[in-house]
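A short worksheet on the structure shown next.
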Amino acid sequence: MPELPEVETVRRSLAPHIVGRRVMAVSAAPVKLRLGIEPGEWRSLAGVASLRGLHRRGKYILADFGASTAVLHLGMSGRLVLRPHAAACEKHTHLRLRFEHGIELRLVDPRRFGMAVVVATAVLPAFAPLAGLGADALDGDVEGALLAAARRSRSPIRALLLDQRVVAGVGNIYASEALARAGVHPLRQAAAISSERVARLAGAVKAVLADALAAGGTTLADGGFSDASGNEGYFAVKLDVYGRKGHPCRACGSPIRRQVAGGRSVFYCARCQR
DNA sequence: ACTCGCCTGTCG
DNA sequence: CGACAGGCGAGT
């Protein structure tokens, strides 16, 4: 479900409710996500740890509990919600952190592609999923990262945008959207694109993410995404290509194409994107 | 660079 | 029933 704008929207909406609060009780199911949830390490947060800060790197949310840091990733279908601790749990709730004021942070993830692990803060920099991340798509040097990667890669440009080791935070929606805004064909070999166009693409990545963030993220027709207060994002109405197969390109009117590459859908305008 | 596997849910 | 879904990583 979530790419950088959705993750950042969730982070921002959660923070004022739980940062500075102590964890009173933890309920963790030993369910296998991308990595298994270890109930013991989650329970170690109860009674002692207060949440010092909530941060984001790429699509990961980092909850700073001092000596420990919780690393959360929402995968395709993960959601973080706040509920009164007495409220009924919806299906696929794998983790519950009850804070001192009775509010519970819950991780719900039907497909279980997410991640929820507790890492000693001292070794966080060496934690593999984070250590491998490239430039943050919102605050990092996307232009430098893309230029460097494009020079030594034989991949299509879209593969680089989706590679979290190059740029962290871009997923299938915003890769399609950034390429559309920059007028670059998704399957164009990265090394064959001029530096000027790569730079323009880097600008488009930042711009589309900023626009989506300002809109509170993208909530598709299935209604999967909403922030901690239940608000849906309204960027879906501003998508230029993603999910618009057969609809007219907003710039030239020719039909948006859908193609499968790398096992995933790619949307683009064959006329505007070269 | 592709394919598949990991899971459940929804839609046509 | 098959196709598909906003992610990622292990294989080949």
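Residue numbers start from 1 in every chain, and the chains themselves are labelled A, B, ... in the order their sequence lines are given, proteins ahead of strands. If you're wondering where the values come from, they're calculated on a predicted model, not measured in any experiment.
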> Looking across every strand, which nucleic acid part, if any, lies under 4.0 Å from A:K32 by heavy atom: base, sugar-phosphate, or nothing?
Replying inline: nothing
>> Just N and O in the side chain of A:Y242: are any of them under 4.0 Å from OP1 or OP2 of C:dG6?
In response: yes
> Once you round it to whole Å, what is the distance between P of C:dC8 and CG of A:N172?
Replying inline: 11 Å
>> With a 3.5 Å limit on both atom pairs, tell me what C:dG6 is paired to, counting Watson-Crick and G-U wobble, or say none.
In response: none
>> Please pick, from C:dG7, B:dT8, C:dA5, the nucleotide with the shortest atom-to-atom distance to any side-chain atom of A:R112.
In response: B:dT8
> Which part of the nucleic acid does A:R158 contact within heavy-atom distance under 4.0 Å: base, sugar-phosphate only, or nothing?
Replying inline: nothing
>> Under 4.0 Å, heavy atoms only, any strand: does A:G262 hit a base, just the sugar-phosphate, or nothing?
In response: base
> Which listed nucleotide (B:dC2, B:dT8, C:dG9) is nearest to the side chain of A:R111?
Replying inline: B:dT8
> A:D109 has an atom CG; how far is it from atom P of C:dC8, in whole Å?
Replying inline: 12 Å
>> Quick test of your reading of the model: are A:R12 and A:E8 salt-bridged, counting only N-O distances below 4.0 Å?
In response: yes
> Which part of the nucleic acid does A:F225 contact within heavy-atom distance under 4.0 Å: base, sugar-phosphate only, or nothing?
Replying inline: base
> How long is the line joining NE2 of A:H94 and C1' of B:dC6, in whole Å?
Replying inline: 13 Å
>> Under 4.0 Å from OP1 or OP2 of B:dC7: is there any side-chain N or O of A:H92 that close?
In response: no
>> Counting the atoms with a prime plus P, OP1 and OP2 as sugar-phosphate, which does A:E6 contact under 4.0 Å by heavy atoms, base, sugar-phosphate, or nothing?
In response: base
>> Just N and O in the side chain of A:H73: are any of them under 4.0 Å from OP1 or OP2 of C:dC8?
In response: yes
> Is the side chain of A:T121 donor-acceptor paired with the backbone N or O of A:A67 at a distance under 3.5 Å, no angle test?
Replying inline: yes
> Just checking A:S265: base, sugar-phosphate only, or nothing, at a heavy-atom cut-off of under 4.0 Å?
Replying inline: sugar-phosphate
> Does A:Q164 have a side-chain nitrogen or oxygen under 4.0 Å from the phosphate oxygens OP1 or OP2 of C:dC8?
Replying inline: yes
> What's the CG-C1' distance between A:L33 and B:dG5, to the nearest Å?
Replying inline: 16 Å
>> In whole Å, I'd like the distance from the CG atom of A:L35 to the C1' atom of B:dC7.
In response: 15 Å
> OP1 or OP2 of C:dG6 less than 4.0 angstrom from a side-chain nitrogen or oxygen of A:K59, does that happen here?
Replying inline: no
> Starting at CZ of A:F127 and ending at P of C:dG9, how long is that distance when rounded to a whole Å?
Replying inline: 10 Å
> If you check every side-chain atom of A:R258, which of C:dG7, C:dA5, B:dC2 has the closest atom?
Replying inline: C:dA5
>> Whole angstroms only, please: what is the CZ-P distance between A:R165 and C:dG7?
In response: 16 Å
>> How many whole angstroms separate atom CE of A:M76 from atom C1' of C:dC8?
In response: 10 Å
>> Hydrogens and angles aside, do A:S265 and A:R258 bring a side-chain donor and acceptor to less than 3.5 Å of each other?
In response: yes
> Is the side chain of A:R197 donor-acceptor paired with the backbone N or O of A:G183 at a distance under 3.5 Å, no angle test?
Replying inline: yes
> Where the side chain of A:D109 meets the backbone of A:G114, is there a donor-acceptor pair that is under 3.5 Å apart?
Replying inline: yes
> Would A:F113 count as stacked on B:dC6 if the rule is ring centres under 5.5 Å and plane angle under 30°?
Replying inline: yes
> When all nucleic acid strands are considered with a 4.0 Å heavy-atom cut-off, which category describes A:L220: base, sugar-phosphate, or nothing?
Replying inline: base
> Between the main-chain N or O of A:V170 and the side-chain N or O of A:Q164, is there a donor-acceptor pair closer than 3.5 Å?
Replying inline: yes
>> Side-chain N or O of A:K91 versus OP1/OP2 of B:dT8: is the shortest distance under 4.0 Å?
In response: no
> Base, sugar-phosphate alone, or nothing: which one does A:D222 contact when heavy atoms must sit under 4.0 Å apart?
Replying inline: base
>> Pick the closest DNA chain B nucleotide for A:V260 and for A:P110 by heavy atoms, then say which residue is nearer the 5' end.
In response: A:V260
> Is the distance from OP1 or OP2 of B:dC2 to the nearest side-chain N or O of A:R264 less than 4.0 Å?
Replying inline: no
>> Whether the side chain of A:R274 engages the backbone of A:R271 through a donor-acceptor N/O pair (distance < 3.5 Å, no angle test) should be reported.
In response: yes
> In whole Å, what separates the C1' atom of B:dT10 from that of C:dC8?
Replying inline: 22 Å
>> Taking pairing as Watson-Crick or G-U wobble with both contacts under 3.5 Å, can you name the mate of B:dC2, or confirm there isn't one?
In response: C:dG11
